[in-house]
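So that the names make sense, note that chain A is the first sequence line, chain B the second, and so on, each numbered from 1.
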Amino acid sequence: MKYDFKQTEEKWQKIWDDKKTFAAKLDTTKPKFYALVEFPYPSGQGLHVGHPRSYTALDIVARKKRQCGYNVLYPMGWDAFGLPTENFAMKNHIHPEVVTKNNVARFKSQLKSLGLSFDWDREINTTDPNYYKWTQWIFLQMFKKGLAYKKEMNVNWCTSCKVVLANEEVVNGVCERCGGEVVHKVKSQWMLKITEYADRLIDDLDGLDFIERVATQQKNWIGRSHGAEVNFGSTAGDDITVYTTRPDTMFGATYMVLAPEHKLVEKWASLIQNMDEVRAYQDAAARKSDLERTELNKDKTGVELKGVKGINPANGKEIPIFLSDYVLATYGTGAIMAVPAHDTRDYEFAKAFGTEIVEVVAGGDIEKEAFTDCATGTLVNSGFLNGKSVEEAKAAMIAWLEKEGKGHAKVNFKLRDWVFSRQRYWGEPIPMIHCEQCGWVPVPENELPLRLPEISDFEPGEGGESPLARHTEWVNTTCPCCGGAAKRETDTMPQWAGSSWYFLRYMDPTCDTAPVSKEAVEYWGPVDWYNGGMEHTTLHLLYSRFWHKFLYDIGVVPTKEPYAKRTSHGMILGENGEKMSKSRGNVVNPDDVIAEYGADTLRMYEMFIGDFEKAAPWNTSSIKGCKRFLERVWNLNEKLVEGEGIRSEMEGIVNRTIKKVSEDIECLKHNTAIAAMMSLLNEYEAKGGATRDEYKVLLQLLNPFAPHLTEEAWQQLGMEQELAYYPWPQYDEAKCVESTVEIAVQVNGKIKARLTVASDISAEDAIATAKADANVAAALEGKTVVKEIYVPGKLVNLAAK
RNA sequence: GCGGAUGUGGCGGAAUUGGCAGACGCGCUAGAUUUAGGCUCUAGUGGGCACUCCCGUGCAGGUUCAAGUCCUGUCAUCCGCACCA
């Protein structure tokens, strides 16, 4: 009978739906396994063939874990707030809520047609008031702990989206989402103090099983550096505090540089002789957008402050002070001591401006370039530091500074606080009220959720204020504190808010007393395995670790970290090897693939396409190989041979395949697991077919990959219990080895013969057998064997002269 | 510029405590079946050739009985960061 994938897939998807086969129940008598994939943004384009790569990979893990006796939670939901929906709503005059509902329905039916074993009873949606109630609640807890604060600040403003962006959302000076120009604007914004967690966000990575590049990227992004803050003197009398990671080089500090925005410039206005020039430089720097700043980072520009000198506390020397935009106002103290001999940037600046270059660490050639190596080199021209290594000198200088009261050790971070306000409609309202008398007052918790008002005009205001600001009936309210007239915050939260804690809600999606109940989070937490895209490493992944740590601090969750293990999938590219996109015309629609080949084939193909972590180009003709394989598996049904159990000649390959597939699934090497199953099938066919039990093993191993076909074939065998929870096959290590093996015989590394020997043959016997071979003997003719090597089960190599 | 990764047939990719390179699949060739095409099946398929031989894992060296794998240098591609003092 021919395999009808359409009918079979619909049949089993209905069974799983009706029986709630994959609904997870809290059962403390069983070990739990929580597998998580990033929930999608339900865009209008529908599912992309990239989505199933990640979803299927963990679906295979989840299915196998169930069969291994784990209580598995594998949930799915919708990260549905965000700009594209709002833009679509504006263009087509449909409310974002309706747009979201339609997109979710489409996504859901597409996901269901893939046969993924999600527990749909736990479906969540970040735009659901019952969900964002708790997003708002978490924000309020942060506010109460002083982690959410409002600040007038220079923000990144996307001129195209008309919205403030977090630093993480600005890529190469342009908007990450739309590529629009980003300029600076002073705005009052809600901020979250992620910097307070910077140390813990780095240190706690050590206990986690994150793939290396994710951990490294997070560490680099947080950018912790150890150094010292030092107070330099000035002829104006004020101290100039600088941050340096090289206090050892202080004797070589021959000038200083302030950021163009540095406050002391105003203070010294009357002392500075070239104030016009200075102001012109400041203005030019302020006008530069991020894009220009990053593009023009080659040549150093600057202006000297004439009339004021700095004083190096190490040697008491007066040194010039410059203003230059290579010093950032937002990092460290906005001022540096410049050591041109041992810092590349200072060296370039010194060459351009002709300042003195003094070598204080010997070991390089400062005539040619700055010598920045910390591992070698000895201090010179540095008073009490002379003769010390860089590390010794750092410690000695910090000790001296602390003794003299001129500085102290200091740790700095690149990470900055998270800009949390967005001036758009389709996001969680920030539940804060501003009262002239009481300042910022939280919306009382019993009034949550603070719902978005029903409006129809979503255009942002001209001045960049949220569309909510026009709705005075919603904005005007009373102060919960004094009862007087007050106004609501009209900004909404960024898209990253809802996704910062969604993994907790899955554990207990209907809890109405907390984001998640204690009981649920103690059993299900933390996520055992989280797979997602590399593009979320410094955004979602970092933000959600931060929120989780905060929830740990206030006793909502019992673990310090949300995710025990993190892996990442590569992109699926178009057939031409380029990124899939509408404009390139190389988009493959998963619906079309399913219609033509079926979900099982699509799943198999996406898993077989290559190394899971690497990008892989789509290839339509390769799909056929997977389809052929599945059909051959189905047809084996009609080629069953007589016999009980596993025939003795098949024991080796059957056991090895069980072992290979079991192990490969655990490390997401689904491509080689599939190759092993193909080899097993080839072997069955070469032996004229399989016995019923041999066939059953193949169906069991294949079930996580191709669940529909295997369930159907299993049922055809008369098996009553479905494969979904049928115990995973076991292998016998001893049976993985064949009794005889073929070994290669080499003479001086060249293969001369292949011999079949007993797999437990001794080294002596193996070598003796090898020498007895006619070809080998011929090759050894007239030579003396100087070395004999036997690698068990692999080869014999005879080195001869 | 700094950091990380990758480089293997016509293609996707296997194989690294150093041990038979090219598993598995696509494609291709020949044959069978078919009215034909498609599908399916069988055999072959890294390159060269005077075919029990030689060459071959980006390139050039090195270590070793043995190197895709280790070391040194170099080139290319991709990704991340990009004046973070």
So what does [X] hit on the nucleic acid, given a heavy-atom distance under 4.0 Å: a base, only sugar-phosphate, or nothing?
| X | answer |
| --- | --- |
| A/N682 | sugar-phosphate |
| A/A675 | base |
| A/I789 | base |
| A/A676 | nothing |

| said: What's the closest nucleotide to the side chain of A/R628 if the choices are B/C24, B/G27, B/G80? | reply: B/G27

| Hey, do the aromatic rings of A/Y255 and A/F353 have their centres closer than 6.0 Å? | no

| A/H670 and A/F705 aromatic centres sub-6.0 Å | yes

Within less than 4.0 Å of OP1 or OP2 of [N], is there a side-chain N or O belonging to [X]?
| X | N | answer |
| --- | --- | --- |
| A/K669 | B/A15 | yes |
| A/T344 | B/C83 | no |
| A/Y326 | B/A85 | no |

| request: For B/G13, measure the glycosidic angle (O4'-C1'-N9-C4 for a purine, O4'-C1'-N1-C2 for a pyrimidine) and name it syn if it falls within 90° of 0, otherwise anti. | output: anti

| message | Whether A/K300 and A/E348 form a salt bridge (side-chain N of Lys/Arg under 4.0 Å from carboxylate O of Asp/Glu) is what I want to check. | response | yes

| request: Using a strict 4.0 Å threshold on nitrogen-to-oxygen distance, state whether A/E631 and A/R628 make a salt bridge. | output: no

